[in-house]
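Data first, discussion second: the structure below is written as structure tokens.
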Protein chains: 2
Amino acid sequence: MKNKPTIRDVAAKAGVSIATVSKFINATQRFTAPVERKIQAAIDELQYHSNPLARSMITGKTGSVGVAILDISNPHFTSMVKGANRVALEHGYNLLFVDTEENQAREDELLGALSRRVDGLIVSSRMPEEQMDRILAFGKPVVFSGRPAPAGVPSIGIDAYAAAYMIGELLVKQGHRNIAYLGFAPARPDMERMRGLSECLEAHGLSLARFEVRGPTLVEGERVCSSVILRKDKPDAVVCYNDMVAIGFMGVARSLGVSIPEDMSVVGVDNIAFGRFTSPALTTVDTQSERLGEEAMRLLIRQIAGENPPDIGHMMLEPRLVMRDSTAVRTPVPFPQATPPKARKR
Amino acid sequence: MKNKPTIRDVAAKAGVSIATVSKFINATQRFTAPVERKIQAAIDELQYHSNPLARSMITGKTGSVGVAILDISNPHFTSMVKGANRVALEHGYNLLFVDTEENQAREDELLGALSRRVDGLIVSSRMPEEQMDRILAFGKPVVFSGRPAPAGVPSIGIDAYAAAYMIGELLVKQGHRNIAYLGFAPARPDMERMRGLSECLEAHGLSLARFEVRGPTLVEGERVCSSVILRKDKPDAVVCYNDMVAIGFMGVARSLGVSIPEDMSVVGVDNIAFGRFTSPALTTVDTQSERLGEEAMRLLIRQIAGENPPDIGHMMLEPRLVMRDSTAVRTPVPFPQATPPKARKR
DNA sequence: TTTCCGCCGGAAAACGTTTACTGATGAAAA
DNA sequence: TTTTCATCAGTAAACGTTTTCCGGCGGAAA
């Protein structure tokens with residue numbers, strides 16, 4: 001009485017075999033009306049729900065997909081998850097998610113545990129290279145989302161290089177001459193952003209100052225702020241790894257008496273919803289977080305359905321500049337202070 | 001070669017029986033050194049990981065817990081999830097989560113699917129009353145978090161009444177006389193907030209204006225803003241269902257030329273991280289989101305471990321006022337405009 | 001009336017484990 | 001040397017399904 005009813009209970013109550021019940025439930029064969037009626041009645045009465053574990057054992061399908069994200073408290077990722085969740089649901093899949101920030105060391109273990117519980121995996125966390133083979137040995141379809149993927153693995157992301165270049169162009173055009181980047185070293189997506197930015201500046205004969213944050217978080221943005229503001233050659237614009245860093249940065253910048261954008265322009269990346277509500281509202285680059293999740297899930301589901309990975313390949317979303325109020329045009333200083341124009345070419 | 005190795009493969013390679021391998025893996029029995037060595041070698045070589053589904057079928061334990069949350073894009077919930085995730089991990093559980101906002105209609109179905117996949121469930125979404133019996137029939141331990149629970153089900157939450165009362169006291173003490181509440185009707189947690197606020201105001205001889213938002217979101221806060229600002233008898237303070245609503249509200253209030261807190265005070269509930277970065281910084285009540293998740297998970301795990309629900313019962317976290325800059329003291333208007341003092345007592 | 005075929009429903013194997021239960025082996029106790 | 005007993009390893013049943021195969025039944029065709 002206490003225990004969940006099994007298919008056997010239903011079969012007994014309906015007076016048919018378990019095979020018949022199974023086939024009825026899965027609509028894999030039709031039966032005569034009285035039989036179907038009896039089965040349905042038994043199911044209703046017992047409140048029977050088939051055991052997904054047992055089903056999965058047989059079919060090899062679980063009906064869930066895993067999502068490994070870096071940090072669930074970052075709105076960029078929650079948007080992604082929301083997008084992914086929506087299309088997963090549309091296709092009858094559930095989401096099983098792992099916040100890798102918390103785990104790190106246990107990631108390996110988690111992956112192992114996950115591998116039999118899901119039909120596929122979306123990896124959105126940055127991850128040490130050595131973990132890659134683990135992923136590739138995952139044995140199930142994998143899609144990388146918002147981060148560079150190893151060769152042969154379908155992936156989707158935004159063009160981080162283009163995004164950064166775009167920002168660079170904007171800032172230079174606005175007359176900024178002393179631009180700093182707040183990012184973190186080890187991750188490759190960061191490399192792309194930085195490369196785009198510095199190559200853009202180079203093209204304009206400028207160079208890029210660099211400050212390191214240890215993570216894409218509000219508190220890191222706050223932490224790093226004082227060092228960039230107290231720098232002897234204070235930048236007139238900072239571009240941040242993402243909106244979180246930017247928002248954190250702006251918060252303490254203001255409390256330190258630096259007014260944005262008058263004294264310094266700030267731009268972020270991601271276009272999280274809260275960027276509209278800071279003061280000043282944050283200029284940023286939209287990375288289409290939700291769409292990223294949606295497309296990643298579509299890619300994954302197509303793979304699960306058995307389509308050839310080769311013709312799926314890599315998908316690149318176009319970034320879009322979102323102009324708000326944290327950047328302002330400068331009357332550019334024609335040349336660095338106390339240095340004759342010629343010297344700049346040295 | 002393509003297929004995942006099974007325990008049988010390991011047993012064959014090690015030259016022992018599958019029972020021996022199983023017992024070795026689960027450390028449920030010791031074996032002689034050479035045997036253990038052979039098994040370990042076989043496992044390493046084959047990269048064997050036991051199939052959690054098959055294990056679950058036998059043991060009846062899944063090693064995962066489900067979390068049903070209302071809306072993953074609300075930082076309050078992500079904090080909760082983060083807390084829950086942390087202690088789940090500590091106890092060797094994984095998190096399986098469901099964003100009920102997206103589902104609504106399918107919630108029933110999801111619950112059914114979930115029930116065999118998890119060892120317990122944390123319910124944090126508001127949910128139609130009729131779903132309750134479904135939950136109670138879940139057959140696995142359930143904890144309600146941050147929302148009222150049916151009798152007999154362990155739960156944890158903050159004292160919403162106290163929180164609201166606290167806010168009321170603050171506003172009245174600051175000299176506000178025309179206070180409005182932005183909430184939504186059907187949910188019970190909302191009722192508690194509203195009751196606390198209105199009873200507090202009543203105690204001071206004031207009454208509460210009420211505006212309806214359709215959800216605890218930024219956009220709802222934005223949407224409702226104009227109607228409260230354009231109201232003939234414009235409130236001098238609004239308390240919002242949560243920080244999301246408050247932040248949205250403040251955003252459009254500013255763009256409509258209402259300056260906060262000079263023209264109007266605003267206070268939220270939850271103390272999400274972004275509240276520090278709006279301008280003005282948001283006065284709010286801390287609901288200990290992360291702790292809420294942690295404690296909910298502890299409660300759940302204790303239940304799963306077989307402790308008696310009765311002596312677990314209900315847990316209530318104390319709210320804490322977080323004073324920031326979106327509220328200001330008013331020089332109270334001694335009596336409503338154009339109305340003689342006596343009339344107020346009517 | 002016989003033959004054939006399509007439809008309905010059941011028997012049983014399989015999925016990959018865990019876990020009684022059972023034997024066998026050797027060492028310690030008698 | 002025999003008995004006892006703990007220790008080590010294996011056999012087989014069970015978990016709740018899906019799915020293949022197969023037999024039986026009835027009606028249509030001959």
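As a basis for the values below, the full set of heavy atoms in this structure was taken, side chains included, without hydrogen atoms, waters or symmetry mates. In what follows, every chain begins at residue 1, and chains take the letters A, B, ... in the order their sequences are listed.
Here the side chain of A:Asp119 pairs a donor or acceptor atom with the backbone of A:Thr62 at under 3.5 angstrom. A donor-acceptor pair under 3.5 Å is absent between the side-chain atoms of A:Ser155 and the main chain of A:His314, judged by distance alone. A side-chain donor-acceptor contact under 3.5 Å links A:Ser79 to the backbone of A:Pro75. Looking only at distances, a side-chain donor or acceptor of B:Glu36 sits under 3.5 Å from a matching main-chain atom of B:Phe31.
Listed by chain and residue number, nothing satisfies the salt bridge (charged side-chain N to carboxylate O under 4.0 Å, His left out) test with A:Arg55 (two or more places apart in sequence, or in another chain). Evaluation of the side chain to side chain donor-acceptor pair (under 3.5 Å) rule for B:Glu45 yields B:Lys13 as partners, not counting sequence neighbours. Looking at residues two or more places apart in sequence or on another chain, you find no side chain to side chain donor-acceptor pair (under 3.5 Å) involving A:Ser124. Listed by chain and residue number, nothing satisfies the salt bridge (charged side-chain N to carboxylate O under 4.0 Å, His left out) test with A:Arg8 (two or more places apart in sequence, or in another chain). Under the rule for a side chain to side chain donor-acceptor pair (under 3.5 Å), the partners of A:Thr287 that lie at least two apart in sequence or sit in another chain are A:Asp270. Scanning for side chain to side chain donor-acceptor pair (under 3.5 Å) contacts around B:Thr78 gives an empty result, with sequence neighbours left out. Legend: residues meeting salt bridge (charged side-chain N to carboxylate O under 4.0 Å, His left out) with B:Asp71, ordered by chain and number and at least two apart, are A:Lys82. Partners of B:Arg291 by salt bridge (charged side-chain N to carboxylate O under 4.0 Å, His left out), not counting sequence neighbours, listed by chain and number: B:Glu295.
The distance between atom CG of B:Asn51 and atom P of C:dT18, rounded to the nearest whole Å, is 10 Å. A straight line from CZ of A:Phe31 to C1' of C:dG9 spans 6 Å, rounded to a whole angstrom. Protein atom OH of A:Tyr48 is 10 Å distant from nucleotide atom P of D:dG16, rounded to whole Å. In this structure, B:Arg116 atom CZ and D:dG16 atom C1' are separated by 9 Å, rounded to whole Å. As rounded to whole Å, 13 Å separates atom C1' of D:dT17 from atom CG of A:Asp9. The distance between atom NZ of A:Lys4 and atom C1' of D:dG16, rounded to the nearest whole Å, is 14 Å. Per the geometry, CG belonging to B:Leu53 stands 12 Å off P belonging to C:dT18, to the nearest Å. Straight-line distance from the CD1 atom of A:Ile7 to the P atom of D:dG16: 11 Å, rounded to whole Å.
Of the residues in residues 32-46 of chain A, none has a non-hydrogen atom less than 4.0 angstrom from any atom of DNA chain D. Of the residues in residues 21-29 of chain A, those with a non-hydrogen atom less than 4.0 angstrom from any atom of DNA chain D are A:Ser22, A:Lys23, A:Asn26. A heavy-atom distance below 4.0 Å to DNA chain C is reached by these residues of residues 56-66 of chain A, ordered by number: A:Met57, A:Ile58.
Axis angle between the ends of the helix from C:dT1-D:dA30 to C:dA30-D:dT1, five pairs each and rounded to 10 degrees, works out to 50°.
Nearest to the side-chain atoms of A:Arg8 among the listed nucleotides D:dG16, C:dG10, C:dT17 stands D:dG16. The side chain of B:Thr20 approaches D:dG10 more closely than any other nucleotide in the set D:dG10, D:dG16, C:dT17.
In this structure, A:Thr6 does not reach the D:dG16 phosphate: none of its side-chain N or O atoms is under 4.0 Å from OP1 or OP2.
For the atom pair CZ (B:Phe97) and CG (A:Leu95), the distance works out to 5.5 Å, reported to the nearest 0.5 Å. Here the NZ atom belonging to A:Lys140 is positioned 10.0 Å from the CG atom belonging to A:Leu121, to the nearest 0.5 angstrom.
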